[in-house]
2 protein chains.
Amino acid sequence: MPANERLGLDIRRAEQELMAAKRAAVEPAGLTVPQYATLHVLAENAGISGAALARACQVTPQAMAVVLKNLTDRGLVERAPHPWHGNVLETRLTPAGHTALTLADARACAIEHAIAEELTEAERTQLRELLARCNHAVRRAAQAQAEA
Amino acid sequence: MPANERLGLDIRRAEQELMAAKRAAVEPAGLTVPQYATLHVLAENAGISGAALARACQVTPQAMAVVLKNLTDRGLVERAPHPWHGNVLETRLTPAGHTALTLADARACAIEHAIAEELTEAERTQLRELLARCNHAVRRAAQAQAEA
DNA sequence: GGATCATCATCAAAGCATTGATGACTGTCA
DNA sequence: TGACAGTCATCAATGCTTTGATGATGATCC
């Protein structure tokens with residue numbers, strides 16, 4: 001199968017380009033992309049648990065634990081035991097975390113804004129739909145292989 | 001900016017889904033996705049240098065060095081100094097590497113095949129074009145930020 | 001010939017991500 | 001009350017990726 005026919009490569013390339021741009025965008029705020037994503041979810045869900053945060057960011061709880069450790073060490077978030085639900089650690093933004101998020105968000109949104117402006121409303125919808133169908137096909141193929 | 005309007009998330013999600021499926025696909029061959037990609041390029045470019053390999057796979061030379069180290073340690077590739085061009089290490093597939101690649105390639109192609117089949121020819125072209133335009137917009141926005 | 005430039009390999013540090021396994025806790029159901 | 005299932009946090013091992021810095025080598029130009 002020739003490489004230039006593989007649609008996966010186009011998707012991969014787009015994502016890499018996007019990640020590189022976002023990395024550069026949030027770097028002045030002293031954040032990485034996963035850290036920015038975590039703070040973003042946290043801003044709208046104060047006191048959420050680490051596991052729930054991981055689900056929201058679509059990573060494993062272990063990966064989120066590493067991100068949270070780095071954020072905690074640098075004082076951007078704080079974690080405290082849940083009042084009556086023993087095993088859970090509530091996570092919250094600190095003022096410093098809120099500041100960093102605000103800084104990063106402006107530049108990150110500029111990137112998203114650029115994408116949105118490049119495409120018409122109809123094109124945006126279509127891109128979403130095409131990607132969703134790719135997802136569906138991929139998931140189906142993966143499951144077929146898992147069963148074989 | 002609401003999260004559900006960010007097209008970047010759709011692209012990101014599609015890529016993650018794809019990566020997860022490919023990871024599962026090449027895992028029975030004892031490979032990771034970057035390792036598979038490296039072997040794939042290597043199969044058609046015997047004796048290529050590590051830096052050139054990195055460019056072909058769109059990663060940094062350092063990242064490629066790690067991948068090559070793991071592949072070399074497991075005997076899937078071998079590296080030897082270039083005959084007359086001193087500083088270059090020629091990299092080649094070993095028979096074991098070729099076997100692993102063949103195994104992984106069948107399953108990886110099945111994933112790509114599933115994507116290609118889900119979409120019509122026109123849709124594939126359109127998806128490519130939309131992604132390319134996203135790339136363009138992202139690159140432009142990133143450059144604008146870099147200059148600011 | 002010798003300075004300069006581009007390319008290549010590599011060391012180091014930091015961060016993100018995966019799988020697998022373990023222990024602790026809550027709530028439910030018998 | 002006691003067993004069970006589900007959720008949560010965490011340790012450990014691997015592997016990929018990035019930036020930054022360093023040294024070696026070959027080719028080009030003066």
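First the proteins, then the strands, lettered A, B, ... as listed; each starts at 1.
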Sugar-phosphate, base or nothing in reach of B:Q35, heavy atoms under 4.0 Å: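 B:Q35: backbone/sugar contact only, no base atoms under 4.0 Å.
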Sugar-phosphate, base or nothing in reach of B:T60, heavy atoms under 4.0 Å: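 Contact class for B:T60: base.
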Atom CD of B:Q58: over 12 foreign heavy atoms under 6.0 Å: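 Check passes, neighbour count above 12.
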Between [atom2] of [N] and [atom1] of [X], the distance in whole Å:
X: A:H82; N: D:dA9; atom1: NE2; atom2: C1'; value: 15 Å
X: B:Y36; N: D:dC16; atom1: OH; atom2: P; value: 16 Å
X: B:L31; N: D:dT14; atom1: CG; atom2: P; value: 18 Å

For chain B, the stretch of DNA chain C it reaches, first to last nucleotide, under 4.0 Å of its heavy atoms: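 From 5' to 3', the first and last contacting nucleotides are C:dC8 to C:dT18.
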B:Q62 vs B:V33, nearer the 5' end of DNA chain D by closest nucleotide: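 By nearest-heavy-atom nucleotide position, the 5'-most residue is B:V33.
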Toward the 5' end of DNA chain D, by each residue's nearest nucleotide, B:R74 or B:A63: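 Result: B:R74.
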Per B:T32 side chain, nearest of listed nucleotides D:dC8, D:dG15, D:dT17: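 Of all the options, the side chain of B:T32 is nearest to D:dG15.
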Selection residues 56-71 of chain A - residue pairs positive for salt bridge (Lys or Arg N to Asp or Glu O under 4.0 Å), sequence neighbours left out: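 Salt bridge (Lys or Arg N to Asp or Glu O under 4.0 Å) check on residues 56-71 of chain A returns A:K69-A:D73.
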Close side-chain approach of B:L89 to B:H82, heavy-atom, < 4.5 Å: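 No. Closest side-chain heavy atoms not under 4.5 Å.
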B:E112/A:R6 salt bridge by N-O under 4.0 Å criterion: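 Salt bridge flag = no for B:E112 with A:R6.
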Partners meeting side-chain contact (heavy atoms from CB on, under 4.5 Å) with A:R133 (sequence neighbours left out):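 A:R133: side-chain contact (heavy atoms from CB on, under 4.5 Å) contacts with A:E129, A:L130, B:E118, B:L119, B:E123.
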Given DNA chain C, 5'-ward residue of the pair B:R23 and B:R79, judged by closest heavy atom: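 In this pair, the answer is B:R79.
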Under 3.5 Å: donor-acceptor pair, side chain of A:R124, backbone of B:L7: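 Judged by distance alone, no pair lies under 3.5 Å.
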